[in-house]
K.L.:
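Quick one: structure below, then a few questions.
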Amino acid sequence: MGGFFGVVSKEDCMFDLYFGTDYHSHLGTRRGGLAVYGEKGFDRAIHNIENAPFRTKFDKDMQEMHGYMGIGCISDYEPQPLIVRSHHGTYAITTVSKINNTGEIVNNIFTNGNSHFLEMSGGDINPTELVAAIINQKENIIDGIHYALELIEGSLTMMILTPKGIYAARDKYGRTPLVIGRKENAFCLTFEDFAYRNLGYEDYKELGPGEIDIVTNEGVKTLIAPGKDMKICTFLWVYYGYPSSSYEGVSVEQMRYNCGASIARRDNVKPDIVAGVPDSGTAHAVGYSNASGIPFSRPFIKYTPTWPRSFMPTIQSKRNLIAKMKLIAVHELIKDKSLLLIDDSIVRGTQLRETTEFLYASGAKEVHIRPACPPLVYGCKYLNFSRSSSEMDLITRRVIAKLEGTEDVPEEILQQYTDPESPKYDQMIEEIRKELNFTTLRYNRLDDMLAAVGLPEEKLCTYCWNGRE
């Protein structure tokens with residue numbers, strides 16, 4: 001995943017840019033970057049943040065860099081922002097993207113005379129560099145941005161910093177958000193709207209699908225109007241989004257309360273306590289507790305002083321151990337108790353199985369698992385939710401392959417496994433329950449989850465759950 005923040009100001013923008021970008025640290029763990037434009041032109045800094053927070057790595061840069069416009073990003077993949085010199089002039093670019101047709105685009109660009117792309121470690125082309133190359137195919141930058149939005153299969157939301165201002169473009173189906181805030185003498189652009197509130201900005205506008213704007217210190221101008229079709233990622237509310245965020249006017253925290261309540265209304269177990277897997281499962285668990293009357297408790301706590309988020313461990317062989325080390329048991333709340341545990345989702349199942357074993361080892365009598373979303377049956381094509389190269393990494397697909405005797409399951413059969421009224425769905429859930437050693441397992445239903453968001457279903461992307469575009 002990833003997130004970004006931009007500022008256009010009549011004064012130095014570094015303070016707002018530094019802290020606004022830092023407020024996106026929950027969206028990425030690999031690279032951070034800042035680029036500014038001022039009297040001395042462009043300046044940029046990029047750091048590896050795999051084992052240290054953004055603010056620690058960029059504290060010195062914040063003191064030394066100056067400009068009245070800037071963009072920053074937290075990335076889970078590529079180094080960015082990039083500074084590009086082209087016939088459009090010099091500009092800095094940052095993106096939140098997933099490009100599924102990279103090979104085709106690269107071949108076309110080579111055919112049109114582009115000489116090379118720089119490879120990142122692993123041999124991949126930097127997606128943000130590829131977006132810049134697409135933009136540079138057109139005679140003006142606005143046509144180039146629009147061309148990139150239309151050409152890329154997957155998703156693309158971006159900001160481009162130029163001496164004139166910041167161009168902002170939201171994905172053509174609005175799969176990821178882009179919001180503009182305003183205060184006296186400044187505008188900001190952001191993925192997460194909460195990121196500007198403590199900096200004194202107020203809501204100004206949320207870009208629509210495919211909308212392209214330019215932001216200067218004089219105001220915001222719409223260059224290409226938004227389209228009508230939207231497919232914003234529903235997982236933003238379930239997992240990605242910070243609790244204080246809102247998308248399309250819908251609060252992340254409130255949606256999670258609604259989600260937990262809908263699970264409770266369909267449940268028939270009576271545990272002693274309800275708990276959430278920290279942090280994203282906590283609000284879902286509060287909603288369940290409020291609706292069911294079963295006490296909410298925190299039987300294990302994330303050790304936030306040194307694990308505020310899940311840094312990639314330096315020693316890869318210890319990755320699973322480190323994942324467990326950040327959770328500290330409160331044994332008095334576990335021993336001899338029947339626990340109902342809510343997590344945002346089950347992907348591979350490895351960590352939740354280990355969490356369950358950890359609870360049993362700490363004296364739990366029962367562990368009932370309630371994922372806040374339906375079974376993930378399809379790998380996401382639109383966001384970098386996972387770097388997995390195969391859908392067989394999903395526990396659902398492994399179990400389906402086991403039940404069907406083949407990994408090559410016809411689509412009409414797969415669809416039966418997504419239907420909570422289907423016998424095949426029940427078989428899949430029972431196999432997952434046994435494999436992960438849960439006392440009971442009940443997923444949230446798709447219709448209930450969508451109702452918890454409250455937006456029209458046709459505006460929400462549900463591909464990972466039902467395979468529908």
K.L.:
Looking only at atom types and distance, does a side-chain atom of Thr162 sit under 3.5 Å from a main-chain N or O of Lys164, one as donor and one as acceptor?
P.N.:
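The answer is yes, because a donor-acceptor pair under 3.5 Å joins these two groups.
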K.L.:
Looking only at side-chain N and O atoms, does Asn136 offer a donor or acceptor that is under 3.5 Å from a partner on Tyr91?
P.N.:
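Looking only at side-chain atoms, Asn136 and Tyr91 do form a donor-acceptor pair, the distance falling under 3.5 Å.
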K.L.:
Between the side chain of Asp43 and the main-chain N/O of Tyr37, is any donor-acceptor distance below 3.5 Å?
P.N.:
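Pair absent, no side-chain N/O of Asp43 close to backbone of Tyr37.
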K.L.:
For the residue pair Lys138 and Asn140, confirm or rule out a side-chain donor-acceptor distance under 3.5 Å.
P.N.:
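No, no side-chain donor-acceptor contact under 3.5 Å.
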K.L.:
Can you name the closest pair of heavy atoms from Ile263 and Ala372 and give their distance?
P.N.:
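Taking every non-hydrogen atom into account, CD1-CA, 3.9 Å.
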K.L.:
Minimum heavy-atom separation for Ala285 to Phe296, with atom names?
P.N.:
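In terms of heavy atoms, the two residues are closest at CB-CE1, 3.8 Å.
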K.L.:
Mind jotting down which residue pairs meet the side chain to side chain donor-acceptor pair (under 3.5 Å) criterion with at least one end in residues 226-238? Sequence neighbours excluded, please.
P.N.:
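Checked against side chain to side chain donor-acceptor pair (under 3.5 Å) - neighbours excluded - no pair reaches residues 226-238.
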K.L.:
Looking just at side-chain N and O atoms, do Thr29 and Asp76 make a donor-acceptor pair shorter than 3.5 Å?
P.N.:
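There is such a pair between these side chains.
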K.L.:
Checking Glu391 side chain against Tyr378 main chain: does a donor-acceptor pair fall under 3.5 Å?
P.N.:
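Pair absent, no side-chain N/O of Glu391 close to backbone of Tyr378.
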K.L.:
If we ignore hydrogens and angles and just use 3.5 Å, is the side chain of Arg256 paired with the main-chain N or O of Tyr239 as donor and acceptor?
P.N.:
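Yes; at least one donor-acceptor contact below 3.5 Å.
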K.L.:
Could you grab the distance from atom OG of Ser155 to atom NZ of Lys381, nearest 0.5 Å is fine?
P.N.:
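Reported value, rounded in 0.5 Å steps: 12.0 Å.
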K.L.:
Indicate yes or no for a side-chain donor-acceptor contact from Thr56 to the backbone of Ala52 under 3.5 Å, with no hydrogens or angles considered.
P.N.:
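No, because the side chain of Thr56 does not come within donor-acceptor range (under 3.5 Å) of the backbone of Ala52.
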K.L.:
Around atom CD of Glu184, are there more than 12 heavy atoms of other residues, nucleotides or ligands at under 6.0 Å?
P.N.:
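Counting other residues, nucleotides and ligands, CD of Glu184 stays at 12 neighbours or fewer.
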K.L.:
Please set out all donor-acceptor pairs under 3.5 angstrom arising from side-chain atoms of residues 188-200, sequence neighbours excluded.
P.N.:
residue, atom, partner, partner atom, Å
Thr190, OG1, His24, NE2, 3.1
Thr190, OG1, Glu192, N, 3.1
Thr190, OG1, Glu192, O, 2.7
Glu192, OE1, Ser245, OG, 2.8
Glu192, OE1, Tyr247, OH, 2.5
Glu192, OE2, His26, NE2, 2.6
Glu192, OE2, Tyr242, N, 3.4
Glu192, OE2, Tyr247, OH, 3.1
Asp193, OD1, Ser246, N, 3.2
Asp193, OD2, Arg197, NH2, 3.3
Tyr196, OH, Asp203, OD1, 2.5
Arg197, NH1, Asp203, OD1, 2.9
Arg197, NH2, Asp203, OD1, 3.2
Asn198, ND2, Tyr23, OH, 3.1

K.L.:
Look at the side chain of Ser345 and the backbone N and O of Val347, then say whether any donor-acceptor pair between them is shorter than 3.5 Å.
P.N.:
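Side chain of Ser345 to backbone of Val347: no pair is present.
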K.L.:
Indicate every side-chain donor-acceptor pair of residues 452-465 with a distance under 3.5 Å to a residue at least two apart or in another chain.
P.N.:
residue, atom, partner, partner atom, Å
Thr462, OG1, Asn466, OD1, 3.1
Thr462, OG1, Asn466, ND2, 3.1
Trp465, NE1, Pro374, O, 3.3

K.L.:
Salt bridge check: are Arg30 and Glu50 linked by an N-O gap of less than 4.0 Å?
P.N.:
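Result for this pair is yes, salt bridge flagged.
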K.L.:
Can you name the closest pair of heavy atoms from Lys10 and Asn217 and give their distance?
P.N.:
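The pair with the smallest heavy-atom distance is CE-O, 3.4 Å.
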K.L.:
Identify the two heavy atoms, one from Ala329 and one from Phe358, that lie closest to each other, and give their separation to 0.1 Å.
P.N.:
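Closest approach of Ala329 to Phe358: CB-CZ, 3.4 Å.
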K.L.:
So does Thr95 get a backbone contact from the side chain of Gln80, meaning a donor-acceptor N/O pair under 3.5 Å?
P.N.:
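Between the backbone of Thr95 and the side chain of Gln80 there is a qualifying donor-acceptor contact (under 3.5 Å).
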K.L.:
Kindly confirm or rule out a cation-pi arrangement of Arg175 over Tyr382, judged by NZ or CZ under 6.0 Å from the six-membered ring centre and within 45° of its axis?
P.N.:
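Ring-cation test returns yes.
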K.L.:
Would you find a donor on one side and an acceptor on the other, under 3.5 Å apart, between the side chain of Gln137 and the backbone of Ala133?
P.N.:
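Yes: the side chain of Gln137 pairs with the backbone of Ala133.
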K.L.:
Measure from the side-chain N and O atoms of Arg44 to the backbone N and O of Pro81, and report whether any donor-acceptor pair falls under 3.5 Å.
P.N.:
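Checked: pair present.
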K.L.:
Are Ser280 and Asp344 close enough that a side-chain donor and a side-chain acceptor fall under 3.5 Å?
P.N.:
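Side-chain D/A pair, Ser280 to Asp344: present.
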K.L.:
Could you walk me through whether Ile180 and Glu206 pass the side-chain contact (heavy atoms from CB on, under 4.5 Å) check?
P.N.:
CA-CA 6 Å; Ile180 297 175; Glu206 189 164 3; over 6 Å; no
K.L.:
As an exercise, state the distance from CG of Asp171 to CG of Leu178, rounded to the nearest 0.5 Å.
P.N.:
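Asp171 atom CG to Leu178 atom CG measures 10.5 Å (nearest 0.5 Å).
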K.L.:
Please indicate whether Arg398 has more than 12 foreign heavy atoms, meaning atoms of other residues, nucleotides or ligands, lying under 6.0 Å from its CZ.
P.N.:
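Counting neighbours around CZ of Arg398, more than 12 heavy atoms of other residues, nucleotides or ligands fall under 6.0 Å, so yes.
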K.L.:
Around atom CD of Glu64, are there more than 12 heavy atoms of other residues, nucleotides or ligands at under 6.0 Å?
P.N.:
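Check passes, neighbour count above 12.
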K.L.:
Hey, what do you get for CG (Leu149) to CD1 (Ile212), rounding to the nearest 0.5 Å?
P.N.:
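Taking CG in Leu149 and CD1 in Ile212, the distance rounds to 5.0 Å.
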K.L.:
Between Asp16 and Tyr201, does the side-chain hydrogen bond (donor to acceptor under 3.5 Å, both in side chains) criterion hold? Intermediate values first, please.
P.N.:
CA-CA 10 Å; Asp16 288 4; Tyr201 293 85; 2.7 Å; yes
K.L.:
Of the non-hydrogen atoms in Leu333 and Leu339, which two are nearest, and what is the gap between them?
P.N.:
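It is O-CD2, 3.9 Å.
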K.L.:
Looking at Tyr173, I want to see if its OH is surrounded by more than 12 non-hydrogen atoms of other residues, nucleotides or ligands under 6.0 Å.
P.N.:
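Atom OH in Tyr173 is not packed in, count stays at 12 or less.
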K.L.:
Do you know which of Arg170, Lys221, Lys205 makes side chain to side chain donor-acceptor pair (under 3.5 Å) with Asp213?
P.N.:
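Output: one option passes, namely Lys205.
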K.L.:
I'd like to know whether Ile99 forms a side-chain contact (heavy atoms from CB on, under 4.5 Å) with Asn101, so could you lay out the CA-CA distance, the side-chain angles of the two residues, the decisive distance to 0.1 Å, and finally the verdict.
P.N.:
CA-CA 6 Å; Ile99 306 175; Asn101 54 338; 3.7 Å; yes
K.L.:
Tell me whether the rings of Tyr18 and Phe54 are parallel (<30°), tilted (30 to 60°) or perpendicular (>60°).
P.N.:
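Correct class here is tilted.
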K.L.:
Start with the C-alpha gap between Thr216 and Ile166, add the side-chain angles, then the distance that decides, and say whether side-chain contact (heavy atoms from CB on, under 4.5 Å) holds.
P.N.:
CA-CA 7 Å; Thr216 69; Ile166 298 178; over 6 Å; no
K.L.:
State the CD1-OH distance between Ile160 and Tyr167, to the nearest 0.5 angstrom.
P.N.:
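Between atom CD1 of Ile160 and atom OH of Tyr167 there are 8.5 Å.
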K.L.:
Would you compute the distance between atom CD1 of Ile71 and atom CG of Leu34 and round it to the nearest 0.5 angstrom?
P.N.:
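Output value for this atom pair is 9.5 Å.
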K.L.:
How far apart are the C-alpha atoms of Met69 and Val36, what are their side-chain angles, what is the distance that settles it, and do they pass the side-chain contact (heavy atoms from CB on, under 4.5 Å) test?
P.N.:
CA-CA 6 Å; Met69 295 190 293; Val36 295; over 6 Å; no
K.L.:
Hey, could you give me the SG/CG distance between Cys373 and Leu450, rounded to the nearest 0.5 Å?
P.N.:
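Taking SG in Cys373 and CG in Leu450, the distance rounds to 11.0 Å.
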K.L.:
Taking atom types as modelled, is there a side-chain donor on Tyr77 or Asn126 under 3.5 Å from an acceptor on the other?
P.N.:
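No, no side-chain donor-acceptor contact under 3.5 Å.
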K.L.:
Please check: side-chain N/O of Thr21 versus main-chain N/O of Leu17, any donor-acceptor pairing under 3.5 Å?
P.N.:
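Looks like yes, one N/O pair under 3.5 Å.
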K.L.:
Counting only heavy atoms not in Glu39, do more than 12 fall under 6.0 Å of its CD?
P.N.:
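No, the 6.0 Å shell around CD holds no more than 12 heavy atoms from other groups.
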K.L.:
Looking only at non-hydrogen atoms, find the nearest pair between Ser97 and Glu78 and report the distance.
P.N.:
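Answer, listing the atom of Ser97 first, then Glu78: OG-OE2, 4.4 Å.
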K.L.:
For Asn444 and His284, which I'm curious about, is there any donor-acceptor pair between the side chains at under 3.5 Å?
P.N.:
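The answer is no; no qualifying pair exists.
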